[in-house]
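This report concerns only the one structure given below.
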Amino acid sequence: AQSVTQLGSHVSVSEGALVLLRCNYSSSVPPYLFWYVQYPNQGLQLLLKYTTGATLVKGINGFEAEFKKSETSFHLTKPSAHMSDAAEYFCAVSEGNAGNMLTFGGGTRLMVKP
Amino acid sequence: DAGVTQSPTHLIKTRGQHVTLRCSPISGHKSVSWYQQVLGQGPQFIFQYYEKEERGRGNFPDRFSARQFPNYSSELNVNALLLGDSALYLCASSLGSGTREAFFGQGTRLTVV
């Protein structure tokens, strides 16, 4: 069975500071990993995904994540936070034999201070 | 191109009632999945449909059912509503049953009173 743990339900950073959102997963097979962002009263928007190949993945809005198999981690980073980055972020995993069923973490609310 | 569309956007129901939520996938996508997102939590998988057949089911009671139509749109039905069914219901579409990338709609906010 697959599972996702997001450390820190709330993260607060200053505008211009580094953003680091943590995600650890559990999977019995090589996983496919995703980060989604959710703005208030909206659906989920895909930020980036890891399927195979290069372990450093670049996404939209300047975000990137690195797949580390040895640490079972897929942390999300952005060098410089903008006010517009304030939102809820979800890490998700899909196992190879599970179709497109996604298992999500509990989410991390990112707050950006001026 | 239109994205995933869901209707209605909001609705309020009374305990014990029945509700039907609708989803139209992105044009060309043949797979639809449903998720329940309770306030303050991550989405939980309910169903996946591909080519009108159920391909996956999450840990939800039999009060929850779904179907997919020949045009690939889908309905989620919930019977005998409970207060705990209050949530944002998200529909996601994908090209195929094994496609890893899912595109989400804006969701339907269901409130049970």
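The basis for the numbers below is simple: all heavy atoms, side chains too, and nothing from hydrogens, waters or symmetry mates. Letters A, B, ... are given to chains in the order of the sequence lines, protein chains preceding strands, and every chain is numbered from 1.
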Who wins among B:Gln44, B:Gln106, B:Arg109 for the most heavy-atom pairs under 4.5 Å with chain A?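 Top count of heavy-atom pairs under 4.5 Å with chain A: B:Gln106.
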Among B:Pro43, B:Gly58, B:Gly107, B:Cys91, residue most engaged with chain A (heavy-atom pairs, under 4.5 Å):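 Of the candidates given, the most pairs with chain A belong to B:Pro43.
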Any side-chain heavy atom of [X] sitting closer than 4.5 Å to one from [Y]?
X        : Y       : answer
A:Leu44  : B:Tyr35 : no
A:Phe90  : B:Gln41 : no
B:Leu88  : A:Gln38 : yes
A:Phe104 : B:Phe45 : no

Near [X] [atom1], under 6.0 Å, is it more than 12 heavy atoms from other residues, nucleotides or ligands?
X       : atom1 : value
B:Arg15 : CZ    : no
A:Leu56 : CG    : yes
A:Asn41 : CG    : no

Membership question, hydrophobic clusters at under 4.5 Å side-chain separation (ILVMFWY): are [Y] and [X] in the same one?
X       : Y       : result
B:Leu76 : B:Leu11 : yes
A:Met83 : A:Leu21 : yes
A:Phe63 : A:Tyr50 : yes

Is there a donor-acceptor pair under 3.5 Å between the side chain of A:Tyr36 and the backbone N or O of B:Phe104?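 No: the side chain of A:Tyr36 does not pair with the backbone of B:Phe104.
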